[in-house]
Each structure stands twice: as C-alpha cells, then as structure tokens.
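Heavy-atom basis, side chains included; hydrogens, waters and symmetry copies ignored. We name chains A, B, ... by the order of the sequence lines, and we start the count at 1 in each one.
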Amino acid sequence: MPQQESSVIRVRFAPSPTGYFHVGGARTALYNWMLAKQSGGKFVLRIEDTDAERNKEEWVDGICNAMSWLGITWDEGPIRQSSRTQRHVEMALSLIEKGDAYYCDCRREDVEERNKASERTKQGYDGYCRERNLEKSPTTVLRYKVPADGSTTVNDLVRGEVVVANENIDDFVLLKANESPLFVLANVVDDIDMEISHVLRAEEHLPNTPKAVLLFKSFGKEAPLFAHVPVLVNEKRQKLSKRRDRVAVEDFKDKGFLPEAMINYLALLGWSPKDNREFMTLEEMTAEFSIEDVGHSPSFFDEKKMEHFNGVYIRALSDTDFVHLVLPFMEKSNWWEGSDENREKLFRLASITKERVSLLGQAPDLLMPIFAPSIVVDDTLFEKEVSPHSNLISQVAVLCQELDCFDAPSIEAMLRDLSATSEIPLRKLQAPIRVATTGAKAGLPLFELWEHTGRERIIERLIAASQNSNS
RNA sequence: GGCCCCAUCGUCUAGCGGUCUAGGACAUCACCCUCUCACGGUGAAGACACGGGUUCGAACCCCGUUGGGGCUGCCA
C-alpha cells in the first residue's frame, strides 16, 4: 500500500454534542492526541452536530472545557460540522451524476413490511428504489448505491483486514428528506477536506467504516488509515453509556481527581508500554505510544483503580501544589475561612493530609476538626468510645492546660507520660480523646492535629466531652 | 435474526512457539511498621473458556464450539 509516511499525521477527534464528555471519549481523544504529537502532527477538534435535533451548544463548551482540563489540546477547531452543510450537500449531489446515488421515497414502515413479507434474513433497506429514477422531492432521501457484488475491505491498524461483502452493506442515506447531510457523508467529506491521515475512533464505528471506504472511492480519494480501538465497558460489560453510567469527566474533576492521574490511567486501558510500567507522564506515554499495540478487547473502566492512581499522584505533589489544588475543595465547606493564617496552617498540614487521601475531595473531612469551630460527635460513638473514659478525659484536659508549649512534641511527651503512669497503652489512650476532640475514630495523627487545632479548642472539647459523660 | 469484532487471575494487563511450575498492578486476606487511620514493607489466594488440529514442542499458529460485545435509524 502506498502510504503517506512522509506527510504529516493529521488526526481528528469528532464528538457529537449530545451529552457530557465521558471517559471513553477522553481516552479516544487521548490516543488521537498521542498519535499526532509523537510525530509533530496536528489534532483537529471537529464537532459533529449534523443532527440539529439532538445537539446542544452548551455541550460543546462542556467538551472543550473537559478536554482542556485534561490537557488534551487541539491545533484546529472546534469546527462545527453544521457550518459545512453546503459542501456536504454539494458532494452528495455529485454522486448522482456518477450513478452512485439515487433518490428514495420509502418509509421505514414500507421497508419493514417488505422485509417481513419476503424471505429476507436481513433487516435493513432492500434497495427498492435503486432503479426507479425518482426525482428529488420533499419526501425523498438520497441514498448511496452500494455495489451489488464484490466486497469492501477496511484496513485497520488495530484489527487488521476487515472484509465485508457488499451485499451486506445497505444503501445508506446520504441526505435526509430536508436535505440535511448524515453522519457517514459529512464524516468522509470533512476528512477529505481536512486532509485527515488517521481516523482513530471507538470500535462502535467499525460497522459503518466500509460505507466510508466506499464513499472515499466514489469521491476518487484515498481513504485515511483507520484504527478502531475497543470500547470501554461498565461492570456488566456493556459499552459505557452517558445515560446509564456516571462517567462524566467533569464529575471526576469535582470529586478531586487530578487530570494527570486520569490521563495516565485512561491511557493504560487498552495499551501498555513495552516494559509494562504503570506510572508515566503524558510525554513519556506519547513517546512510547503505538497504535499497533492497542489491545483488541473491551476494557472495564475501574474507578477504584483510577482512584489508586490518583492517590499516588496526590502524594507526589509538592506541599505548595497540594494546598493550591485542595483549596477549592476547602472553600466548598461552610466552616472554612480563607485567611492567610489558615492557608499557612493548611500548608503545614499538607504532608500528613496527602498520604491519607486518594481524592482531593476527601481532604475537608480530614481537616474539619482543625478548622471548624465545633465538631459533631455521633451519639452511639460517644457512648461507646467517650463516656466510659470521662475521668481520663478531664485529666487530659488539665494536663493540656499545664503544658508549657502546646505543640506536637510536647503533646506527645505529655500523653506518653500519662500512658506510662496510668499503664494504658498509648493506642488505647488516644481512642477516647480522639473521638472527644475530632468526632471520629480515625483521622490525622493526634499530636499534630491538636497542635493545629489550638489549645483552647481542644480543652474546650475535652471538658465538654467529660461533662456530657457525667450527666 | 443478519453483519462484524473479541476471548490470560474478580479487574487492567505482560506474554508475540521452547526462558511459563504464566510475571506485574488494582481489589481481597494475613503479618510487619505504627498514637488511630493512612502510607510503606513482606507474604497468601487467584487466570491461559472448551474441543480439535499444525508442530519435536502451543497461552502464543489454524479450524470449530461456547461465551461476551458492537452495529443493524431520514442518530453519531
């Protein structure tokens, strides 16, 4: 096959704005991006909005924002397919003269009826109007006349050769009755005009690719290289669906996923580097990515594993970056006051917080006992963990009062001392006072937590706890 | 129903005819570390769908079966 190896790679990512941007689309976009960037090629963002009924402009913004957040940049676009309707129609009409297209006035019900009546095992359009030489009218669609014999081959970079007998390809619609262009037509015309070299998309498009190949041929153009990557599936092994599955990129952003972690995880769904390592930067992945090495079977999108990746990325963050990234999540809490003092405190808490969260959104819960003026202790938990130890708790309150300096080392020394004299292991001793001062059984290391909460509030909470136990 | 695609631990994968008593990661479990939790460390359990070939030799090649998925629109 003569191939344009010398010319630049031009790919396009072509979402239709019929819903939010989901992880499946993100992975397809990412693969396209890596394919283009590894050789200095161009990435075109094309919005496939030929179906005016289903598209909404706000989805376009959503897609662009989510892609930008992930770091998937585009060199051209977003180009609305709807802005090129005239060109699509013109190209479709040119096929009539070539004898490759014809008008058809069959209604869907008519076709179904005929199929039912005949012995035909296939269900699609039966070619009823092929030789009727209909004129254009408000009720006619324009169909492509698929050759009766022979077969059409799709040469796919990940699947290999896919051969389909032409008799199994229906005469598909090019132009609706209202003369608006349809997917395959618009796709092919735009790919030609935009000089797309590689069409990398999800496997769900494989069945209509022979139609595209036929069109390229009719237009006298060489088809681009195709690469159909497996779809992403849910736990029931069905293709991820915007409606059924909660997989919006934006939702993951809101939960506190880092774009780098998502990109890293997503890239590994269907592809892996030669040495099978998992943590890679976008640059490293781009350098090593190879479309031929993409797997052939669907991958389950495992949010748990992605969260693990996210935790690793969070822990690798500098304290400064962590504070910067976690601040928006803190600001969602009504107890958070964004003072310089609090930001400084947050910075000093960064390292012990980082290793306890796998999502940025988990940080506020951990930090609430320190920054919130008051805490809430669940009744059952209080009865179980706090009440039996009211004496101990009031004793600790006194010791806190007596401490020269209320910092972590002093607090630790004080509690270890108490542990030794009272013969209560530190691990047992910390439980009631932790619940009394934080409302939770687990959380940040107690000594640092107390230091940053401040002596006054800690003593206040300890006293309140011991008094509530007595009554 | 028809057409097409796919098939290694529960999941993501390594493996591209001999190095496989099948390696790694997530999840699970146990132990260690430890002020709780977490991080980290060590270890356990866990897979080549099945049947035929080809070959001295098959997870790797071929065929079939089974199972799964996608498409089947005047959606994309």
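Taking atom C1' in both B:rA44 and B:rC9, one finds a spacing of 14 Å when rounded to whole Å. Taking the C1' atom of each, B:rA25 and B:rA47 are spaced 15 Å apart, rounded to whole Å. Taking atom P on both B:rA30 and B:rG64, the two are 48 Å apart, rounded to the nearest angstrom. B:rA22 and B:rC16 are spaced 14 Å apart, taking the C1' atom of each and rounding to whole Å. A gap of 13 Å separates the C1' atoms of B:rA59 and B:rG23, to the nearest Å. If you take atom C1' in B:rG67 and the same atom in B:rG73, they sit 29 Å apart, rounded to whole Å. B:rA27 sits 12 Å from B:rG46 when the C1' atoms are compared, rounded to a whole Å. Look at the C1' atom in both B:rC60 and B:rU54: the space between them is 13 Å, to the nearest Å.
When heavy atoms are screened at a 4.0 angstrom cut-off, A:Gly311 is found touching no nucleic acid atom at all. Across all strands shown, A:Glu448 has heavy atoms under 4.0 Å from base atoms, whether or not it also approaches the sugar-phosphate. A:Phe172 comes within 4.0 angstrom of no nucleic acid atom, judged by non-hydrogen atoms across all strands. Residue contacts shown for A:Arg159 are limited to sugar-phosphate atoms, with no base heavy atom under 4.0 Å away.
Remark on RNA chain B: of its neighbouring residues A:Leu269 and A:Glu278, the 5'-side contact belongs to A:Leu269, judged by nearest-heavy-atom nucleotide. Looking at which nucleotide of RNA chain B each of A:Val158 and A:Asp302 is closest to, the 5′-most match is held by A:Val158.
Here B:rC3 sits opposite B:rG70 as a Watson-Crick or G-U wobble pair (both hydrogen-bonding atom distances under 3.5 Å). Of the nucleotides present, none pairs with B:rC37 by Watson-Crick or G-U wobble criteria with both distances under 3.5 Å. Base pairing annotation: B:rC50 forms a Watson-Crick or G-U wobble pair with B:rG64, both donor-acceptor distances under 3.5 Å. When both distances must be under 3.5 Å, the Watson-Crick or G-U wobble mate of B:rA30 is B:rU42.
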Give the B/S/- string for nucleotides 70-76 of chain B, one per nucleotide from 5' to 3', where a protein heavy atom under 4.0 Å of the base yields B, of only the sugar-phosphate yields S, and otherwise -. SS-SBBB
Counting primed atoms plus P, OP1 and OP2 as sugar-phosphate and everything else as base, spell out the protein contacts along nucleotides 37-51 of chain B at 4.0 Å heavy-atom distance: B, S or - for each nucleotide, 5' to 3'. BBSS-----------
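Taking the six-membered ring for Trp and the full ring otherwise, the centers of A:Phe301 and A:His22 sit at least 6.0 Å from each other. Between A:Phe309 and A:Phe257, the distance separating the two ring centers is not shorter than 6.0 angstrom.
When the side chain to side chain contact (heavy atoms under 4.5 Å, CB included) test is applied to A:Ser419, the partners found at least two apart in sequence or on another chain are A:Leu426, A:Leu429. Under the rule for a ring pair (Phe, Tyr, Trp, His ring centres under 6.0 Å), A:Phe447 has no partner lying at least two apart in sequence or in another chain. Take A:Arg455 and apply the side chain to side chain contact (heavy atoms under 4.5 Å, CB included) test, not counting sequence neighbours, and it matches A:Gln401, A:Leu403, A:Phe406, A:Ile459. By the side chain to side chain contact (heavy atoms under 4.5 Å, CB included) test, A:Lys239 is found to be paired with A:Glu204, A:Val231, residues two or more places apart in sequence or in another chain being considered. A search for side chain to side chain contact (heavy atoms under 4.5 Å, CB included) contacts involving A:Ser82 returns A:Asp49, A:Arg80, not counting sequence neighbours.
Note on residues 133-159 of chain A: pairs passing ring-ring contact (aromatic ring centres under 6.0 Å, His included), not counting sequence neighbours, are A:Tyr144-A:Phe172. Residue pairs meeting the side-chain hydrogen bond (donor to acceptor under 3.5 Å, both in side chains) criterion with at least one partner in residues 168-186 of chain A, sequence neighbours excluded, are A:Tyr102-A:Asp171, A:Arg130-A:Asp171, A:Asn178-A:Ser180. Evaluation of the side-chain hydrogen bond (donor to acceptor under 3.5 Å, both in side chains) test over residues 425-449 of chain A, restricted to residues two or more places apart or in two chains, returns A:Gln430-A:Arg434, A:Thr437-A:Trp450. Pairs of residues two or more places apart, or lying in two chains, that qualify as salt bridge (Lys or Arg N to Asp or Glu O under 4.0 Å) and include a residue from residues 266-276 of chain A are A:Lys274-A:Asp293, A:Asp275-A:Arg277.
Side-chain to base pairing of A:Lys274 with B:rA14: no donor and acceptor N or O lie closer than 3.5 Å to each other.
Rounded to an integer number of Å, the gap from CG of A:Leu232 to C1' of B:rC6 is 15 Å. Between the CZ atom of A:Arg434 and the C1' atom of B:rU36 there is a distance of 4 Å, rounded to whole Å. For A:Lys305 and B:rA25, the NZ to C1' distance is 4 Å, given to the nearest whole Å. The distance between atom CG of A:Asn264 and atom C1' of B:rA25, rounded to the nearest whole Å, is 12 Å. Rounded to an integer number of Å, the gap from A:Glu167 CD to B:rC4 P is 10 Å. As rounded to whole Å, 17 Å separates atom C1' of B:rG23 from atom CZ of A:Arg277. One atom, CZ of A:Phe300, and another, C1' of B:rU11, lie 7 Å apart when rounded to the nearest Å. In this entry the distance linking OH of A:Tyr265 with P of B:rU11 reads 12 Å, nearest Å.
The CZ atom of A:Arg87 sits 13.0 Å away from the CD atom of A:Gln81 when rounded to the nearest 0.5 Å.
With B:rG2, B:rG24, B:rC35 as the choices, the nucleotide that has an atom nearest any side-chain atom of A:Leu426 turns out to be B:rC35.
A:Pro224 and A:His198 make their closest contact through CB-N, 4.3 Å (heavy atoms, listed as atom of the first residue, atom of the second, distance).
Counting heavy-atom neighbours within 6.0 Å of A:Arg246 CZ, excluding the residue itself, gives a total of 12 or less.
Listed by residue number, there are no residues of residues 82-94 of chain A with a heavy-atom contact under 4.0 Å to RNA chain B.
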